[in-house]
Amino acid sequence: MEQVITPTAGKDNPIQMTDIVYSKEKSLFTLLAIISGIVWAALIIGTLGMALLYVLMFFIIYLFSHSAFISYLKGTAVEINAEQFPELHKQYLACCDRLEMKEPPRAYLLAADGMLNALATRFLGRNYIVLFSSIVDALESDKDALNFYIGHELGHIRRNHIGKAPFLVFATWLPLVGAAYSRACEYTCDLHGLRCCNSLRSATNAVAVLAAGVEQWKRMNVDQYIRQARESSGFWMSLHELNGSYPWLTKRMARVDAKAQGTEYTPPSRSAWAFVFSLFMPRMGTAGGGLIIFAAIIGVAAAVALPAYKQYQEKMSAASSYTDPVIMAPQMNTGPATVPDAALAIEHIDQLHQSLAPITEVLTHYYQGNKAWPTELEVLGFTDEQLSTFNLYSDGIVGFVGGEALGDYQGYEVYLSPQVDEQSNITWVCSSSDIPDEYLPLDCQG
């Protein structure tokens, strides 16, 4: 049977349980928790609870999107248990035991197109660990190093980094402190990984795989790689690390090496100018996470501003009667809902359509004579009254706006688009992207 190195408590273990939390994680969490708590309280009180509707909306979005990944995991990956990869399962349980986790998360092995990594996630109260098969294969010659990856992901669960994220959502995008907390969490999880390894060499081997790849890590000079961290003191490297969710890998290797030897790593100082510039660079996170945060903030702000905006819109609509006829935009109905009578709406659109026959006839003659559509209405000789009845767009497309007979669809446009054949014969096609077919004549229904 193949030998598997599993972590066992004793003198060979590099660090103790009291040393597996990075010193700055707790203080950074406290700071972000205070900021987020104030923002949450202000939003809930200021919107009279309406902000909770947006929380529910984003939870539903998360529920459907993340359930897709969990379903894929269960339907595609291989669950690691006593019957499936039993030796790897023993190794996994030994890591959970060393980290004093009484309820091991469900663990899976997943082929991930050669990605060298692992991940932890949570869905509806249940935790999951995923080991990518490439990292398991890469460490076939040092199975103890795989414990570093297992321990790192267990660290995210043990420290509840995933569970805290929704509460901290309004503070983690802040410049400097948001990214600093994320990096601190990664350092903490590296210490969890180190706790699960039996030797320093295995821990540094695990980091080396991330740096050099499946095969080349075996020929990597770890001491030289640690010395490479000195280059991170310049402006650009400082700037991008200060705004990054992960520390430079050279620094992670250096901290793991120092901690395992019972010393503290002193990183090179960062550029002062990098701190100044970073003050104006909100952390956007990874995989669009920052965009979701901004969307949430905008949504809640909209809930606060919507009543005032409606009043402003009504005042502006009443005060202004001029609209540029060529670039006129549809006027949205902000009053009570009005369902149009289908027969009256169809008759109304048909009359407007027929009234534009002279317009389309002039445009047809112009195109047939010039082999191009006009860009200036003045050259067509239309009267001011005619110009006020339609909008002219590129490629000869004509648009006319529906009136009160369309009810809630008042202000939306119907388009007449020219279709030119090889003999320059033109057929005008009627359509509308905004008005339902039930309120349009048959020749305008798409």
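A quick note: this is a predicted structure, and the numbers were derived from the prediction, not measured.
The six-membered or imidazole ring of Tyr409 lies near that of Tyr439, with a centre-to-centre distance under 6.0 Å. Checked against the 6.0 Å centroid criterion, the rings of Phe277 and Phe235 qualify as a close aromatic pair. Between Trp373 and Tyr366, the distance from one ring center to the other does not fall under 6.0 angstrom.
Every residue two or more places apart in sequence or in another chain was checked for a salt bridge (Lys or Arg N to Asp or Glu O under 4.0 Å) with Glu103, and none qualifies. With sequence neighbours excluded, the residues forming a side chain to side chain donor-acceptor pair (under 3.5 Å) with Arg227 are Gln224, listed by chain and number. Not a single side chain to side chain donor-acceptor pair (under 3.5 Å) links Gln228 to another residue, sequence neighbours left out.
Note: Leu392 CG to Leu416 CG = 11.5 Å, rounded to the nearest 0.5 Å. In this structure, SG in Cys95 is found 7.5 Å from CG in Leu146, a value given to the nearest 0.5 Å.
Sulfur atoms SG of Cys444 and Cys430 are positioned under 2.5 Å apart.
No side-chain heavy atom of Thr47 sits less than 4.5 Å from a side-chain heavy atom of Tyr54.
Looking only at atom types and distance, the side chain of Glu413 has a donor-acceptor partner in the side chain of Tyr393 under 3.5 Å away. In summary, the side chains of Thr364 and Trp428 do present a donor paired with an acceptor at a separation below 3.5 Å, with no hydrogens or angles considered.
Counting heavy atoms of neighbouring residues, nucleotides and ligands inside a 6.0 Å radius, atom CD of Gln368 exceeds 12 of them.
Residues in residues 152-172 take part in these salt bridge (charged side-chain N to carboxylate O under 4.0 Å, His left out) pairs, two or more places apart or across chains: Glu25-Arg159. For residues 121-132, the set of pairs meeting the salt bridge (charged side-chain N to carboxylate O under 4.0 Å, His left out) definition, not counting sequence neighbours, is empty. Listed by first then second residue, pairs satisfying salt bridge (charged side-chain N to carboxylate O under 4.0 Å, His left out) with a partner in residues 206-222 read Glu215-Lys218, not counting sequence neighbours.
Of the possible donor and acceptor atoms, none in the side chain of Ser245 sits under 3.5 Å from a partner among the backbone N and O of Ala179.
A cation-pi geometry, defined here as NZ or CZ lying under 6.0 Å from the six-membered ring centre and within 45° of its normal, holds between Arg255 and Tyr187.
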